[in-house]
Structure formats: structure tokens, C-alpha cells
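Step one of this worksheet: look at the structure below.
All heavy atoms count here, side chains included; hydrogens, waters and symmetry mates do not.
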Amino acid sequence: MAGITDRPFRDLVMRFGAGLVVSEMVASQEMVQAKPGVRERAEIGADVENTAVQLAGRDAAWMAEAARQVADRGARIIDINMGCPAKKVTSGYSGSALMKTPDHALSLIEAVVGAVDIPVTLKTRLGWDDQLLNAPEIASRAEAAGVRMITIHGRTRCQFYKGHADWQAISAVKQAVAIPVVANGDIVDLASARIALKCSGADGVMVGRGAQGRPWLLAEIAASLGSSAYPDIPIGQALGDMVCAHYEAMLGFYGSELGLRVARKHLGWYMDRAGTSAAQRRQVLTSRDSDEVLHLLASALDVSGEQVA
């Protein structure tokens, strides 16, 4: 998720025991050309275990070169983004707009798979709209081209994030391929994960917005499904310590001034989960002094376990 799943947040999620994390979407051409801001965002932890680097683009040559560069930097997995619904992405014929041109989309997939020796995965949606539900076709062709896993968000591009993800519709993709299929969309807890798996027949689930303010959620779901150890979920003082450490990691990553601003959304989600009072929340999110924010967080997040679960 752009602006959210940055390196500090992914590192935190991984420490709780997530099976796989994915970098922020990196524009392939801009990365190769080293435009300002892209290489910083591409501090993607390419060589970090269980991290996939997600690339987006519309030109096969740029996609292939970006794939080679991140592979050379130690990437373990490359994920191709064909699911982003944002207008600034689809207007450039990238992201989920590629679902409207399957032949062109396949040329990008073939270019990336042919450029690297590491696994390539694909993230997409059910289709562009209700008249173009072509995820099964694209998935089958992607598998034939060498893609090793496919993640499907259970909405069309034109739905954006409205309504509810259609997990049942993902089952058509599962039936079309032999490679692993991962269900995505509206998976916010163990109950929704279990239902998504049952409806879709998928091999796993991917959590996005549900992890906001709960970096332990991926590990918690995995443990409840029996595939890993149960994480220690922080409460009270431990929660405050974790959030402060995350905040300080963001200051170190972005610099004090930018880090203070970028961290506010994360701090807001933590305080929402914790039931922080409106007055304390306002103080934390409006302060322009990073040291003051650290001081305020100690009391703002000193809460009971019931409030953060």
C-alpha cells in the first residue's frame, strides 16, 4: 500500500512473524531512471527474507530492466502490480488498466519472467468492471508464462474499495490454474480470513488495510490457522514501547521533519485501536516537535488489552 507499507512498517510486521510482506508499488521506468523520491521509496529491503518487491509499469523494456536491477540487489520475489485502481496509475495504462489489454499485459509478464531467475508473482483484481471479469483468463496465461503465484483482490477496478470483496468470485481463478492463489480484500481478522478461504478455495490470504494499527495481525491470523507460532500482542506499556519504536524508526528512515508528518497516519491508527481520548489524539497529531510526540505517546497508548485486540 503506497505510503503505508514502507520499510519501517514492513520490518515491524515481519518481527511479529508474517509469512510474506510486499514493498510499496515501485514505478519501473522511474526507478530505472532514478527520478527523485523513487529510489528512496525503493529502499525496499530487496535482500530481506520473505519480502516481495512490487513493480508497476506499461512498457516491457522498463519492467524487465527494473526487475533485473532489484534482482541484482538481492530481491527474493518480484510481484507485478495489475491491481492498483488509482486514477493516476490507470490513466498511464498501468495497474488494473492492464486488465483491459490482456495481450499487452502478458507481454509485460513475459518480459519480467524472462529477465530474472527468481520467482515472479502477480497481483490483480477480478476484472476492469462487471462487463470484463477476465481474471481467470489472465491468471491462466500468466501461469503459462511462468508466474508462480497469483493474488486476487475480490473487486473490479471500477469498484475501487466500495461494497464488499467477492471472495466467491476468486474461486474461478483458483479453478483456472494449478499455482497457488491468494485471496485479498476485506480480510481484517481471523473470521474474515476463514470465510475468504472457504468461499474462494484459495491457498492463502493477503491482508492490507486490516493491518493498519495492528502490525501483528498477519502473524495472528497465520497462527490461528495453524501455520505459525502465536505472536505476543503488545498491550499497555508494551504497546506504547512498540509504537514509540516504530515512530523513531520512521524518523530515522525519512528524517525528523518528513518522518513526523508521514508517521501521523500510523499513530492515528494506533490511537484509534487503543481508544485514546480525542484531546490526547489531537495533541499527538498536531505537535511539530518529535520529542514532544514521543512524550505524549506514553500516556496516549497506556491502555488495556481489550481495547487493542
Side-chain angles (χ1 to χ4, degrees), residues 1-16 18 20-31 34-46 48 51-57 66 70 78-92 94-97 123-125 151 153 155 157 160-162 184-188 206-218 242-273 281 284-288 290 293 297:
M1 296 179 289
I4 299 172
T5 55
D6 55 18
R7 181 69 186 272
F9 186 65
R10 295 197 314 275
D11 286 349
L12 179 56
V13 171
M14 286 293 292
R15 283 199 292 274
F16 279 104
L20 176 71
V21 295
V22 184
S23 76
E24 294 177 274
M25 180 180 69
V26 179
S28 56
Q29 181 174 346
E30 285 80 355
M31 178 182 176
K35 289 189 176 180
V38 176
R39 285 216 180 265
E40 289 83 352
R41 191 164 64 251
E43 284 296 329
I44 45 186
V48 176
T51 297
V53 177
Q54 188 176 85
L55 297 178
V70 296
I78 292 175
D79 186 57
I80 299 173
N81 183 300
M82 282 177 48
C84 181
K87 186 176 181 180
K88 66 180 180 180
V89 175
T90 58
S91 62
S94 299
S96 56
K123 170 77 187 296
T124 188
R125 288 185 167 229
T151 301
H153 184 111
R155 290 181 174 87
R157 181 272 176 182
F160 287 89
Y161 296 99
K162 297 177 182 177
N184 173 239
D186 296 338
I187 298 169
V188 297
M206 178 174 283
V207 178
R209 290 171 293 167
Q212 292 173 176
R214 295 184 293 175
W216 54 81
L217 180 62
L218 284 77
M242 183 209 77
V243 174
C244 287
H246 183 194
Y247 178 61
E248 290 182 301
M250 295 190 77
L251 295 179
F253 184 76
Y254 290 105
S256 181
E257 184 176 346
L258 178 59
L260 186 149
R261 298 198 305 272
V262 173
R264 283 172 177 157
K265 54 180 173 289
H266 287 281
L267 300 183
W269 292 323
Y270 287 131
M271 290 187 288
D272 287 344
R273 301 285 185 190
R281 192 180 192 280
V284 170
L285 299 183
T286 57
S287 174
R288 297 184 179 181
S290 57
V293 170
L297 283 172

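Taking 4.5 Å as the limit, every side-chain heavy atom of Phe253 sits out of range of all side-chain heavy atoms of Val262. Counting heavy atoms from C-beta outward, Val22 and Thr5 have side chains that stay 4.5 Å or more apart. Inter-residue side-chain proximity for Val188 and Arg214 is flagged as met; some heavy-atom pair is nearer than 4.5 Å. Using a 4.5 Å heavy-atom cutoff, the side chains of Met206 and Ile187 are not in contact. Counting only heavy atoms from C-beta outward, the side chains of Arg209 and Asp186 approach each other to under 4.5 Å. A 4.5 Å side-chain heavy-atom check between Arg10 and Val48 finds every atom pair outside the cut-off.
Taking all atoms of both residues into account, the shortest heavy-atom contact from Glu24 to Gly3 is OE2-N, 2.6 Å. Looking at every heavy atom in both residues, Val207 comes nearest to Ala211 through CG1-N, 3.8 Å. Scanning all heavy atoms of the two residues, the minimum distance from Gly208 to Asn184 falls at N-ND2, 4.4 Å. Shortest non-hydrogen contact noted between Leu20 and Ala52 is CD1-N, 4.1 Å. For the pair Arg125 and Pro85, the tightest heavy-atom approach, listed with the atom from each and the gap, is NH2-CG, 3.5 Å. The minimum heavy-atom distance linking Cys84 with Ser96 is given by the pair O-OG, 2.9 Å.
To the nearest 0.5 Å, atoms OH (Tyr270) and SG (Cys244) are separated by 10.5 Å. In this structure, NE2 in His246 is found 8.0 Å from CG in Leu267, a value given to the nearest 0.5 Å. Here the CZ-CG distance, from Arg288 to Leu260, works out to 9.5 Å after rounding to the nearest 0.5 Å. Taking OG1 from Thr151 and CD from Gln54, the interatomic distance works out to 9.0 Å, rounded to the nearest 0.5 Å. Put simply, CG on Leu55 and CG on Asn81 are 9.5 Å apart, with the number rounded to the nearest 0.5 Å. Atom OH of Tyr247 is separated from atom CE of Met242 by 15.0 Å, given to the nearest 0.5 angstrom.
For residues 256-269, the set of pairs meeting the side-chain hydrogen bond (donor to acceptor under 3.5 Å, both in side chains) definition, not counting sequence neighbours, is empty.
Ring-centre distance between His153 and Tyr161: below the 6.0 Å cut-off.
When atom types are taken as modelled, the side chain of Ser28 and the backbone of Ala56 share a donor-acceptor pair closer than 3.5 angstrom.
Salt bridge status for Asp11 with Arg7: present, with a side-chain N to carboxylate O gap under 4.0 Å.
When the side-chain contact (heavy atoms from CB on, under 4.5 Å) test is applied to Ala249, the partners found at least two apart in sequence or on another chain are Pro8.
For Thr90 and Arg157, the side-chain atoms include at least one donor-acceptor pair closer than 3.5 Å.
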